[in-house]
2 protein chains.
Amino acid sequence: MTGKVIAAELKRRGFKLTPQRRAIIEVISHSQEHLTPADIYAKLKSKHSGIGLVTVYRALDVLERSGMLCEVHIGDGCRSYLKRPGGHHHHLVCKGCGKVVDFSDCELDDLEQRVTKETGFRIDRHLLEFLGRCPQCQAGRREKS
Amino acid sequence: MTGKVIAAELKRRGFKLTPQRRAIIEVISHSQEHLTPADIYAKLKSKHSGIGLVTVYRALDVLERSGMLCEVHIGDGCRSYLKRPGGHHHHLVCKGCGKVVDFSDCELDDLEQRVTKETGFRIDRHLLEFLGRCPQCQAGRREKS
DNA sequence: TAATAGATGAAAATCATTTTCAATTAGGCT
DNA sequence: AGCCTAATTGAAAATGATTTTCATCTATTA
């Protein structure tokens, strides 16, 4: 997702692309891990000084509502964010280093249909995450940075 | 999960089965919905007066670590709990009334193996939840109680 | 029944998140 | 290029959730 696409999407929703938001998007894009608001704030302070934690919260809200980020639930808890690739996908989270790998072929349609038939629920969406250890963390003892 | 089984499991871990914990387990067992600590506290206050919110937090921690409860992530956010039936299972959450239905045949083994092969991750566990509307909420407009 | 490790409740402390508000700025429009 | 306006920002305060502390109490085991 390039800068132009992001700018266009924000504009379409009446949001502005400020330097602070750019910086936040950059930090998230350059990290392989899922980051909490506090993580992002910490990474920003070392470079872009002057940015406020409140701004990070507000930017995350805007970016998530615009479909540019997604949340990770498993592992450390909630409220941690990732850059979102286009389309439906799921996460594979490493509990050693926190790295997140995406995969998209979840093939839950059959299961969804079966569950729908059994329960009568109309299913809107699903949450699927795997938790494990990445190859590097299986080998050595890398800790979360 | 009967009272005796619960008592035994707590004992095995060095925890005690107090009247407060009994009451908390009872509230959770009798609800079809997932309950936050504050929800549980509110339900308890109307009957078992004198119980503290702190005790609810501590009891939830103990019960979850003993495998008697599980968390629900989708929907209202995190930190809401359910009674746990034995064994591996997943949740189907109604976004109308908050009701949670379990299902156990997730059949993710194939997918797990494929993801393992592609990424080299060793997968420990997964999180799978469906969000939708239950039959009653599709018909009428029942709101969360 | 006594001993004791674990549990409780109230208050205070901590941590995360949201609100308020005055000042600033991005983006659209001349 | 410069103006307008609605959106955004940062600091501080407010709120809300969760944890810690500590003195007291109690469930369990001997």
Side-chain angles (χ1 to χ4, degrees), chain A residues 3-27 34-66 68-69 71-73 75-81, chain B residues 3-27 34-66 68-69 71-73 75-81:
Chain A
K4 278 175 192 161
V5 176
I6 290 170
E9 182 59 24
L10 287 180
K11 191 183 303 177
R12 203 173 66 74
R13 296 171 187 256
F15 296 126
K16 293 174 180 174
L17 183 54
T18 63
Q20 290 90 339
R21 289 180 182 172
R22 269 184 210 282
I24 289 165
I25 291 166
E26 178 149 338
V27 163
H34 46 122
L35 302 172
T36 63
D39 289 340
I40 295 166
Y41 178 62
K43 282 180 189 275
L44 282 170
K45 274 222 297 201
S46 53
K47 301 175 191 176
H48 278 255
S49 62
I51 197 167
L53 179 56
V54 200
T55 302
V56 174
Y57 274 96
R58 284 188 285 225
L60 288 173
D61 187 49
V62 163
L63 294 173
E64 198 196 11
R65 283 196 283 142
S66 305
M68 275 170 245
L69 299 180
E71 272 180 64
V72 174
H73 287 263
D76 283 353
C78 304
R79 195 116 193 195
S80 65
Y81 296 91
Chain B
K4 277 174 192 160
V5 177
I6 291 171
E9 183 59 25
L10 287 179
K11 190 182 304 178
R12 205 174 64 74
R13 296 172 188 257
F15 297 125
K16 291 174 180 172
L17 182 54
T18 63
Q20 291 90 340
R21 289 180 181 170
R22 270 182 210 282
I24 290 166
I25 291 166
E26 177 150 339
V27 163
H34 45 121
L35 302 171
T36 63
D39 289 339
I40 294 166
Y41 178 61
K43 282 179 189 275
L44 281 171
K45 274 223 297 201
S46 53
K47 301 174 193 178
H48 276 257
S49 62
I51 197 168
L53 179 56
V54 200
T55 301
V56 175
Y57 274 96
R58 284 188 285 223
L60 289 173
D61 187 50
V62 164
L63 294 173
E64 197 196 10
R65 284 197 281 143
S66 305
M68 275 169 245
L69 300 180
E71 273 180 63
V72 174
H73 288 264
D76 283 355
C78 303
R79 196 112 196 199
S80 66
Y81 295 91

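Letters A, B, ... are given to chains in the order of the sequence lines, protein chains preceding strands, and every chain is numbered from 1. Just so we're clear, the structure is a prediction, and the values are computed from it rather than from any experiment.
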Under 4.0 Å from OP1 or OP2 of [N]: is there any side-chain N or O of [X] that close?
{"X": "A/R21", "N": "D/dT9", "result": "yes"}
{"X": "B/R79", "N": "D/dT19", "result": "yes"}
{"X": "B/T55", "N": "C/dA7", "result": "no"}

In whole angstrom, give the distance that lies between atom [atom1] of [X] and atom [atom2] of [N].
{"X": "B/F15", "N": "C/dT8", "atom1": "CZ", "atom2": "P", "answer": "11 Å"}
{"X": "B/Q20", "N": "D/dC25", "atom1": "CD", "atom2": "P", "answer": "14 Å"}
{"X": "A/D61", "N": "C/dT17", "atom1": "CG", "atom2": "P", "answer": "12 Å"}
{"X": "A/R13", "N": "D/dA6", "atom1": "CZ", "atom2": "C1'", "answer": "19 Å"}
{"X": "A/D39", "N": "C/dA16", "atom1": "CG", "atom2": "P", "answer": "10 Å"}
{"X": "B/R12", "N": "C/dG6", "atom1": "CZ", "atom2": "C1'", "answer": "18 Å"}
{"X": "A/L17", "N": "C/dG27", "atom1": "CG", "atom2": "P", "answer": "6 Å"}
{"X": "A/Y57", "N": "D/dT8", "atom1": "OH", "atom2": "C1'", "answer": "18 Å"}

Choosing from [options], which nucleotide comes nearest the side chain of [X]?
{"X": "A/K16", "options": "C/dG28, D/dG10, D/dA6", "answer": "D/dA6"}
{"X": "A/L53", "options": "D/dT9, C/dT17, C/dT8", "answer": "C/dT17"}
{"X": "B/P19", "options": "D/dT19, D/dA27, C/dA16", "answer": "D/dA27"}
{"X": "A/K11", "options": "D/dT9, D/dT20, C/dG28", "answer": "C/dG28"}

Problem - Check: B/K16 main-chain N/O paired with B/R21 side-chain donor or acceptor under 3.5 Å - result: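 Yes; at least one donor-acceptor contact below 3.5 Å.
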Practice task
Indicate yes or no for a side-chain donor-acceptor contact from B/R13 to the backbone of B/R65 under 3.5 Å, with no hydrogens or angles considered.
Solution key: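 Such a contact is found between B/R13 side chain and B/R65 backbone.
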Handout entry: Under-3.5 Å donor-acceptor pair between B/R58 side chain and C/dG6 base
Key =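 Under the 3.5 Å cut-off, the side chain and the base do not form any donor-acceptor pair.
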Exercise for the section: Considering only NZ, NE, NH1 and NH2 on the basic side and carboxylate oxygens on the acidic side, decide whether B/K43 and B/D39 come within less than 4.0 Å. Expected result: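 B/D39 and B/K43: not salt-bridged.
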Handout entry: Lys/Arg N to Asp/Glu carboxylate O, B/R22 vs B/E26, below 4.0 Å
Key =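 Looking at B/E26 together with B/R22, the answer is no, because their closest N to O distance does not fall below 4.0 Å.
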Exercise for the section: Specify the residue among B/P37 and B/T18 whose closest nucleotide of DNA chain D lies further upstream toward the 5′ end. Expected result: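 Result of the comparison: B/P37.
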Problem - Minimum side-chain heavy-atom gap B/L60-B/I40 below 4.5 Å - result: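 Yes. Closest side-chain heavy atoms under 4.5 Å.
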